[in-house]
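So the structure is just underneath, and the comments pick up after that.
Computation of the quantities below employed the complete heavy-atom set of this structure, encompassing side-chain atoms and omitting hydrogens, waters and symmetry-equivalent molecules. In what follows, chains are A, B, ... by sequence order, proteins preceding strands, each numbered from 1.
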Amino acid sequence: MREDRDLEQEVLAKKVIIHSDNDAPLKLGANDAVCSMDVAYTEDCAFVSCDIINGKTGEWVNTFVTIHELPTTPYESGYFAYYEGPLLVACLEYLNKQIKLKPSLVIVDGHGLAHPRKFGIACWLGLQIDTPTIGCAKKPLVPYLDNLGGAKGSLSPMLLDDEVVGVALRSNKNVKPIFISPGHLISLDSTIYLIKKFHGEYRIFEPIRRADQAVRKASRGEEGDFELIS
DNA sequence: GCGACAG
DNA sequence: ATCTTGTCGC
């Protein structure tokens with residue numbers, strides 16, 4: 001009964017497309033929307049945020065928050081996509097209908113390839129929406145080489161049976177690393193390049209940080225720099 | 001064997 | 001994820 005989902009993840013993982021670092025990098029222009037998403041939960045509903053930045057300049061465009069019913073599937077490490085994934089899809093579908101939003105890249109709070117079966121939530125979402133995705137997590141799920149330098153920008157590979165499936169990134173001086181990995185339709189090099197490019201000045205990737213602030217405020221009934229859609 | 005385990 | 005204040009340090 002856990003074998004089923006493992007098998008399903010292994011099957012779906014084969015459909016995931018990770019570009020080679022030798023392939024052309026993902027190019028983003030001023031008209032490309034880069035969306036970073038997060039979710040907050042209350043006792044009776046879930047709030048999903050979608051933070052949009054300009055794909056060329058990285059400047060903030062807008063942050064939307066949508067409200068949904070709580071997931072019925074319980075959260076389990078390794079099966080995060082079954083819990084939170086459908087909420088992300090629902091939010092994006094809603095924004096597609098309401099404002100014709102079509103993301104060129106989606107960055108999620110969780111892992112992509114850097115997952116025991118190479119199928120983190122970023123991979124799952126990428127397949128669902130047929131769009132490039134990146135996973136950007138605060139804790140590792142697979143081992144990483146413990147040789148990270150202390151300087152901002154230092155990297156060390158995350159390994160799954162000798163295969164590099166992501167990197168630990170020292171996102172700022174003297175802070176714990178964050179963990180990034182490609183989800184779908186992107187290479188590891190492009191993943192690292194884009195995360196560094198849009199990262200900002202704190203430990204957490206700035207657009208994800210904004211998305212987090214937006215949903216937690218919205219879930220508490222507070223106002224902020226976001227549009228609550230309902 | 002025991003605990004830890006993305007959010 | 002969520003329950004939660006001040007405080008030390010860069």
Side-chain angles (χ1 to χ4, degrees), chain A residues 2 5-6 8-9 12-13 16 35-51 65-92 106-128 133-144 146 150-152 157-160 165-184 191 195 200-205 207-222:
Chain A
R2 185 160 101 186
R5 291 195 301 180
D6 285 4
E8 182 183 44
Q9 289 186 328
L12 290 176
V16 170
C35 298
S36 298
M37 307 185 71
D38 195 24
V39 182
Y41 303 90
T42 65
E43 282 192 352
D44 42 46
C45 61
F47 292 77
V48 183
S49 61
C50 179
D51 177 276
V65 175
T66 55
I67 307 179
H68 308 262
E69 293 188 345
L70 286 173
T72 52
T73 312
Y75 165 76
E76 288 176 63
S77 176
Y79 308 92
F80 186 38
Y82 294 91
Y83 181 71
E84 195 162 282
L87 291 169
L88 303 180
V89 172
C91 173
L92 290 173
V106 179
I107 298 160
V108 304
D109 197 357
H111 295 287
L113 256 201
H115 173 278
R117 289 165 297 282
K118 301 195 343 184
F119 199 65
I121 188 170
C123 302
W124 182 91
L125 180 65
L127 286 182
Q128 291 292 312
T133 57
I134 288 173
C136 183
K138 297 178 277 300
K139 296 175 186 172
L141 203 45
V142 303
Y144 64 100
D146 191 24
K152 174 170 183 170
M158 299 180 78
L159 301 170
L160 190 65
V165 290
V167 294
L169 166 66
R170 188 82 70 191
S171 55
N172 206 343
K173 191 180 180 180
N174 297 328
V175 298
K176 293 187 297 182
I178 60 173
F179 305 88
I180 61 181
S181 56
H184 187 46
T191 295
I195 292 295
E201 54 183 325
Y202 301 108
R203 181 173 91 102
I204 303 302
F205 183 66
I208 288 284
R209 190 170 164 274
R210 260 195 317 261
D212 179 67
Q213 291 181 336
V215 274
R216 57 189 294 162
K217 279 188 179 178
S219 70
R220 295 174 180 182
E222 300 169 10

Review point. With sugar-phosphate meaning primed atoms plus P, OP1 and OP2, does A:Ala114 contact a base, only sugar-phosphate, or nothing at under 4.0 Å between heavy atoms?
Key: nothing
Check your understanding: What is the nucleic acid contact for A:Lys138, judged by heavy atoms within less than 4.0 Å: base, sugar-phosphate only, or nothing?
Key -> sugar-phosphate
Review point. Between A:Glu84 and A:Tyr41, does any side-chain donor sit less than 3.5 Å from a side-chain acceptor?
Key: yes
Revision key, fill the gap. Outer limits of DNA chain B sitting under 4.0 Å from a non-hydrogen atom of chain A, read 5' to 3', are B:dC5 to B:dG7
Revision key, fill the gap. Symbol by symbol from the 5' end, with Watson-Crick or G-U pairs under 3.5 Å, [ ] crossing and | another strand, DNA chain B is .......
Exercise for review: Count the heavy atoms belonging to other residues, nucleotides or ligands that lie under 6.0 Å from CD of A:Glu69, then report whether that count exceeds 12.
Suggested key: no
Check your understanding: Heavy atoms under 4.0 Å, any strand shown: does A:Tyr79 hit a base, just sugar-phosphate, or nothing?
Key -> base
**Study point:** side-chain hydrogen bond (donor to acceptor under 3.5 Å, both in side chains) contacts touching residues 106-116 of chain A (sequence neighbours left out)
**Key:** A:Asp109-A:Lys138
**Study point:** Dot-bracket pairing map - DNA chain C, Watson-Crick plus G-U, both contacts under 3.5 Å, | cross-strand
**Key:** ..........
Review point. With a non-hydrogen cut-off below 4.0 angstrom, is A:Gly135 in contact with a base, only sugar-phosphate, or nothing?
Key: nothing
Review point. Contact boundaries of DNA chain C with chain A (under 4.0 Å, heavy atoms), 5' to 3'?
Key: C:dA1 to C:dT2
Review point. When all nucleic acid strands are considered with a 4.0 Å heavy-atom cut-off, which category describes A:Tyr41: base, sugar-phosphate, or nothing?
Key: sugar-phosphate
Check your understanding: Near DNA chain B, which residues from residues 117-128 of chain A have a heavy atom under 4.0 Å away?
Key -> A:Gly120, A:Ile121
